Structures are given as structure tokens and as C-alpha cells.
Amino acid sequence: MNIDKLVNIFDNSNIVFLENDKSLLFFNVSERSWYSRFSIYLDRQMKKEKIEGYYVDTEYNRNGNKLKTVFDISSLEVINVTCDIILHSRGENKKNDNLLCIEMKKSSASRLEKDNDKKRLKLLTTTSFDNVWSADGKALPEHVCGYKLGVYYEFNAKDSLIYIEYYANGAMFNSRYVKIRR
């Protein structure tokens, strides 16, 4: 599956989410309330696109029977990962397990929290290299990597704006603002 198709799936899911559940954003409820609803629209979009063998999960934290981790080669740090929303095969398709990871934040979150989410998205969308991560299609890698698309989603209630960043291959490749009417 290519990145453009995944971006389209995400964007279409966001349109439906905002049509049906934008009140959750403005009521200042927990982000968990947002992404539990968003995941429903993402799952429906996957079915509409006839994409089979993949699951939409929230706060999924397993890689086989181990906690999901990423490895930051620049700091040699192992970081536990529990993304807000992921689209993956749950390890059933070892060659192409991870498609989409999403982190959602309120604009009022600390700079550190936001930066940590973005760092995880960069690491999660990095492809296997230098034998640090296994991606041989036979075994699950020790550390999670290879997501085709990562999305950072930040809501600013004061300005009625959503800021979205798109990540692939370990880097942000696009960003945009979405204005919302109350």
C-alpha cells in the first residue's frame, strides 16, 4: 500500500470524524475519547477501500508477547511505544505488518509531550537499517519500525484549528492546518 492511499484513508476518516464528533474536541475531554471515535471511522474507511487483513487498534502495546519499543540509534535509547491509533496486521503479515500510526494531542500539552510524540513517529516510520531492526518477513522485529505513514494530530480549541503533520521514512514530509467550525 502506498503512502498517498494511506494519507487519503486518514484524511477521509478525519472528515467523517469532524462531521460526527467534533464536539468531543471542544468539550475538552480526554484525547482517548477522540481516538476511540476516530478509530471507528478509520476502520470503516478501511472496509470501504476493501483492505483486508489489517486491524485498527488503540493504545496497542504488544510486539508478539513483548512490549512495543523503538530504538533511537542517535541516543542508543530504547523507548516504549503505545501509539494512540495504529493500523497493522497484528503480526500476521510479517513482510508488511505496519501501515499507519497516529498520535493525537491537545495544543495545551507540554512541548516535551508533543516533541516525544513526533520523535516516536519519526522512529516508527524509519525503515530497517544496519541490522538494528529485523524486517526479514520471517520474525517480528525486536523494535517496531517500518510504518508506512505516521500522523501527528494536534487540536487547538482556542483557534478552532487542527494541525496535522505527516511522517514517512523517518521524517516529516508534509503539514497542514484544518479550520473547524463549532
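Keep in mind that this is a model prediction, so the values were computed, not measured. By convention here, the first residue in the shown sequence is residue 1.
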If you measure from CD1 on I180 to CG on L161, what distance do you get to the nearest 0.5 Å? 7.5 Å
E165/N174 under side-chain contact (heavy atoms from CB on, under 4.5 Å): CA gap, chis, key distance, verdict: CA-CA 6 Å; E165 293 180 354; N174 195 9; over 6 Å; no
At what distance, to the nearest 0.5 angstrom, does CG of L87 lie from CG of N98? 9.0 Å
Do M172 and Y152 share a hydrophobic cluster (ILVMFWY, side-chain heavy atoms under 4.5 Å, transitive)? yes
How far apart are the C-alpha atoms of E154 and K106, what are their side-chain angles, what is the distance that settles it, and do they pass the salt bridge (charged side-chain N to carboxylate O under 4.0 Å, His left out) test? CA-CA 5 Å; E154 181 180 311; K106 294 178 183 180; over 6 Å; no
Would you say the side-chain atoms of E113 pair up with the backbone N or O of S110, donor to acceptor, closer than 3.5 Å? yes
If two hydrophobic side chains count as joined below 4.5 Å and joins carry through other members, does M1 share a cluster with L121? no
Which atoms form the tightest heavy-atom contact between S13 and L42, and what is the distance? OG-CA, 3.3 Å
Mind checking the NZ-CG spacing from K105 to N116? Nearest 0.5 Å is all I need. 8.5 Å
Applying ring-ring contact (aromatic ring centres under 6.0 Å, His included) to F17 and not counting sequence neighbours gives F38
Are V16 and I51 linked, directly or through intermediate hydrophobic residues, by side-chain heavy-atom contacts shorter than 4.5 Å (ILVMFWY only)? yes
Can you tell me if E52 and Y54 form a side-chain donor-acceptor pair at under 3.5 Å? no
All ring-ring contact (aromatic ring centres under 6.0 Å, His included) counterparts of Y163, not counting sequence neighbours: Y177
Restricting to non-hydrogen atoms, name the atom on I86 and the atom on C101 that form the minimum distance, rounded to 0.1 Å. CG2-CB, 4.0 Å
Rounding to 0.5 Å, atoms OG (S108) and NZ (K158) come to a distance of 12.5 Å
Under 4.0 Å between a Lys/Arg side-chain N and an Asp/Glu carboxylate O for D115 and K119? no
Donor-acceptor pair, D97 side chain versus S89 backbone, under 3.5 Å? yes
Residue pair N156, D159: steps toward the side-chain contact (heavy atoms from CB on, under 4.5 Å) verdict: CA-CA 6 Å; N156 179 323; D159 297 330; 3.3 Å; yes
Kindly say whether K122 contributes a backbone atom to a donor-acceptor pair with the side chain of T126 at under 3.5 angstrom? yes
Establish whether I102 and L123 are linked, either directly or via other cluster members, by ILVMFWY side-chain heavy-atom contacts under 4.5 Å. no
ring-ring contact (aromatic ring centres under 6.0 Å, His included) filter on F26, not counting sequence neighbours, yields F155
Show which residues join Y55 in its hydrophobic cluster (side-chain heavy-atom contacts under 4.5 Å, direct or indirect), or state none. none
Do Y41 and D21 have side-chain N/O donor and acceptor atoms under 3.5 Å apart? yes
If hydrophobic clusters are built by linking Ile, Leu, Val, Met, Phe, Trp and Tyr wherever their side-chain heavy atoms come under 4.5 Å apart, do L149 and I15 end up in the same one? no
Which residue is it: D117, I162, V178, I85? I am looking for the one with a side-chain contact (heavy atoms from CB on, under 4.5 Å) to Y153. I162
CZ-CD distance between R44 and E49, expressed to the nearest 0.5 angstrom: 15.0 Å
Which value, rounded to the nearest 0.5 Å, describes the distance between H88 atom NE2 and C83 atom SG? 10.0 Å
One pair to check against side-chain contact (heavy atoms from CB on, under 4.5 Å): Y167 and V151. What are the steps and the verdict? CA-CA 6 Å; Y167 292 81; V151 177; over 6 Å; no
What pairs meet the salt bridge (charged side-chain N to carboxylate O under 4.0 Å, His left out) rule with one or both residues in residues 166-182, with sequence neighbours excluded? D11-R176
Result block: side-chain N/O donor-acceptor pairs under 3.5 angstrom for residues 2-10, not counting sequence neighbours:
{"residue": "N2", "atom": "OD1", "partner": "D4", "partner atom": "N", "Å": "3.2"}
{"residue": "N2", "atom": "OD1", "partner": "K5", "partner atom": "N", "Å": "2.7"}
{"residue": "N8", "atom": "OD1", "partner": "N12", "partner atom": "ND2", "Å": "3.4"}

